[in-house]
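Quantities reported herein were computed from a predicted structural model and do not represent experimental measurements. Lettering follows sequence order; numbering is per chain, from 1. Scope of the values below: all heavy atoms of this structure, side chains included, with no hydrogens, waters or symmetry mates.
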There are 2 protein chains.
Amino acid sequence: MKDDRNRSVRLLWETPAEPTRGPKAALSQARVVEAAIKVADAEGIEALTMRRVAETLGFTTMSLYRHVPGKSELLDLMVDAVWGETEQTPKTTWRDGLDFYARQLWSMYCAHPWLLQLTNARRMPGPNAMTRTDAAFAVVSGLNLKPEEIVAVVTSIGQFVAGVGRTMADRVLAERETGVSEEDWWNDRDELWEHFTPERLPMMTHIWTTGGYERPLDEFEFGLARVLDGLAVFIEAEERQREAPLVRRETCL
Amino acid sequence: MKDDRNRSVRLLWETPAEPTRGPKAALSQARVVEAAIKVADAEGIEALTMRRVAETLGFTTMSLYRHVPGKSELLDLMVDAVWGETEQTPKTTWRDGLDFYARQLWSMYCAHPWLLQLTNARRMPGPNAMTRTDAAFAVVSGLNLKPEEIVAVVTSIGQFVAGVGRTMADRVLAERETGVSEEDWWNDRDELWEHFTPERLPMMTHIWTTGGYERPLDEFEFGLARVLDGLAVFIEAEERQREAPLVRRETCL
DNA sequence: CTAGAACCGTGTACAACGTACACCTCGTTT
DNA sequence: AAACGAGGTGTACGTTGTACACGGTTCTAG
């Protein structure tokens, strides 16, 4: 059963029948997942080892494998458990809805920065993640967009939040891991700044001396406003084009 | 000298004096970096081990440490070497300039997807990366933006490309690593689709049946156009009324 | 009522990783 | 000729995920 390609599908989407025989389990899948999330929250993804999770639960490392097939599947379960903590996007205007969706993602990433240290490619999507995404699709469904445009719009929001979040997460996790603040770390590399000369880096030194790095804009708020503005331009243009009688585009049912 | 905090600064920004004594080096830092990039290009970052690099060069693992202080510093050198392959943004309009900058980043990420598997937090910036960034700042310097707004505008482009790139990179590297195409992999998980019912996921099933996933829009092109549109709205508004204060909201981190 | 199947948790073991350390061998400087 | 600094080698250690064998516990089939 090693190469059962649907094992992780069943793991996430189906609740297995309870065993009738054998001793009562002292541990459970839910407790393993919960403990793993707690470890990752506190110490980052590189501290998340099977040994560490087992230790916090007071069991041996190998006992975890009775409840979870492997580390990869444990990560799948952790991710979908965290999606379950978010609220579904309510039905409102497209802009309010996407704003809500973006902020839900943002607070999810803030609470669990390790999410952004994980690959998303070929990660098995769980029911929680899918229902949240479905609700996000719904808020842009009344705009007469083509189906692939709906996907593109929601995806662009998701990717924006993930992009900004990753920078934030890397910073937070590095601070937590090393115990050295971002500022202290850069100040320790004092010889670096000697190479930042106006001849070599005119703009950066100018921005530095005029205080551009001292009071940076909030990356999330600034970027979100820009992306939503950009989507507004697109959506309005798309609606105008659709109302024009001559330039009928093919609608897929 | 172990905790010399400026060691990596000198490594990237200064060329060390050539040694006078001892045997001629059969290896060099440049060759190590080059070989490492080649390995990462072909097999991804998780295949980039000191043993693997040494093997492709025909030397022992420990010989690398004569030319590179450690793996972390090797990564710094690889990153800046790759930045050196890109062209600097020429001086044009802000929109053409940012478009150029975005496409440079994009082609860099396409050529070296492993860049996006690396943390950016506390990575020592090298001279190539800094001059490229400086040139990008320059194209938005004629707009009378506040210094922190210049940083925010360029950063938002960088983060957009990194966000889209990461999705692309994860996919490409997973295919290269496993030898299984994305499509085949998802087709193997056939039981997953049985859970995608219209009751549970109405929008997704609708988009699926209307072909929204069959001809997806280009994420890079779609997103870039949206972000540039959004920045245009901001820049025009900013030019119109310079005296209006900018609204800043608090976020969780 | 008993044999055995199913299940839980433990302990040992292995290959791969980064790299510290001791070592020998060159080539230049004193 | 002796000393010294540098390049490359080989061994060894602590980590990681997890395969495998094992012993104890609980329910089911005969």
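Residues satisfying the ring pair (Phe, Tyr, Trp, His ring centres under 6.0 Å) test with B:Phe222, not counting sequence neighbours, are A:Phe234. Every residue two or more places apart in sequence or in another chain was checked for a ring pair (Phe, Tyr, Trp, His ring centres under 6.0 Å) with A:His67, and none qualifies. With sequence neighbours left out, A:Trp193 forms a ring pair (Phe, Tyr, Trp, His ring centres under 6.0 Å) with A:Phe196. Here B:Glu73 pairs with B:Arg7 under the salt bridge (Lys or Arg N to Asp or Glu O under 4.0 Å) rule; sequence neighbours left out. Residues passing the ring pair (Phe, Tyr, Trp, His ring centres under 6.0 Å) test with B:Phe220, sequence neighbours excluded: B:Trp106.
If you check residues 31-38 of chain B against DNA chain D, you find no residue with a heavy atom closer than 4.0 Å.
Annotation: A:Trp185, atom CH2; neighbour count of heavy atoms from other residues, nucleotides and ligands within 6.0 Å is above 12.
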Considering only distance and modelled atom types, tabulate donor-acceptor pairs under 3.5 Å from the side chains of residues 110-127 of chain A, sequence neighbours left out.
| from | atom 1 | to | atom 2 | distance (Å) |
| --- | --- | --- | --- | --- |
| A:His112 | ND1 | A:Asp41 | OD1 | 2.7 |
| A:His112 | ND1 | A:Asp41 | OD2 | 3.2 |
| A:His112 | NE2 | A:Glu85 | OE1 | 2.9 |
| A:Trp114 | NE1 | A:Asp41 | OD1 | 2.6 |
| A:Gln117 | OE1 | A:Ile45 | N | 3.2 |
| A:Arg122 | NE | B:Glu182 | OE1 | 3.1 |
| A:Arg122 | NH1 | B:Thr178 | OG1 | 2.9 |
| A:Arg122 | NH1 | B:Val180 | O | 3.4 |
| A:Arg122 | NH2 | B:Val180 | O | 2.6 |
| A:Arg122 | NH2 | B:Glu182 | OE1 | 3.3 |
| A:Arg123 | NE | A:Thr119 | O | 3.1 |
| A:Arg123 | NH1 | A:Asp76 | OD1 | 2.8 |
| A:Arg123 | NH2 | A:Thr119 | O | 3.0 |

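Taking atom CZ of A:Arg66 as the reference point, atom P of D:dA19 lies 12 Å away to the nearest angstrom. Following rounding to the nearest Å, B:Leu75 (CG) and C:dT19 (C1') show an atom-to-atom distance of 15 Å. Between B:Leu57 atom CG and D:dT9 atom C1' there is a gap of 16 Å when expressed in whole angstrom units. The distance between atom CG of B:Leu27 and atom P of D:dA6, rounded to the nearest whole Å, is 17 Å. Here D:dG10 presents its P atom at 14 Å from CG of B:Leu64, a figure rounded to the nearest Å.
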Listing time: all N or O pairs from protein to nucleotides 11-18 of chain D that are below 3.5 Å?
| from | atom 1 | to | atom 2 | distance (Å) |
| --- | --- | --- | --- | --- |
| D:dG17 | OP1 | A:Met50 | N | 3.4 |
| D:dG17 | OP1 | A:Lys71 | NZ | 2.9 |
| D:dG17 | OP2 | A:Met50 | N | 3.1 |
| D:dG17 | N7 | A:Arg51 | NH1 | 2.8 |
| D:dG17 | O6 | A:Arg51 | NH2 | 3.1 |
| D:dT18 | OP2 | A:Tyr65 | OH | 3.0 |
| D:dT18 | OP2 | A:Lys71 | N | 2.9 |
| D:dT18 | O4 | A:Arg51 | NH2 | 3.4 |

List every contact pair, protein side and nucleotides 24-26 of chain D side both N or O, where the distance is under 3.5 Å.
| from | atom 1 | to | atom 2 | distance (Å) |
| --- | --- | --- | --- | --- |
| D:dT26 | O2 | A:Gly22 | N | 3.4 |

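Within the structure, the ring pair (Phe, Tyr, Trp, His ring centres under 6.0 Å) test picks out no pair touching residues 20-57 of chain B (sequence neighbours left out). Here side chain to side chain donor-acceptor pair (under 3.5 Å) pairs that include residues 27-38 of chain A, with residues two or more places apart or in two chains, number zero. Sorted pairs that involve residues 43-66 of chain A and meet ring pair (Phe, Tyr, Trp, His ring centres under 6.0 Å), not counting sequence neighbours, are lacking altogether.
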Handout entry: Chi angles and distances behind the side chain to side chain donor-acceptor pair (under 3.5 Å) call for B:Thr167, A:Gln159
Key = CA-CA 9 Å; B:Thr167 314; A:Gln159 235 147 27; 2.4 Å; yes
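Contact check, A:Ser63 against C:dG9: no side-chain N or O comes under 4.0 Å of OP1 or OP2. At the phosphate of D:dA6, neither OP1 nor OP2 sits under 4.0 Å from any side-chain N or O atom of B:His67.
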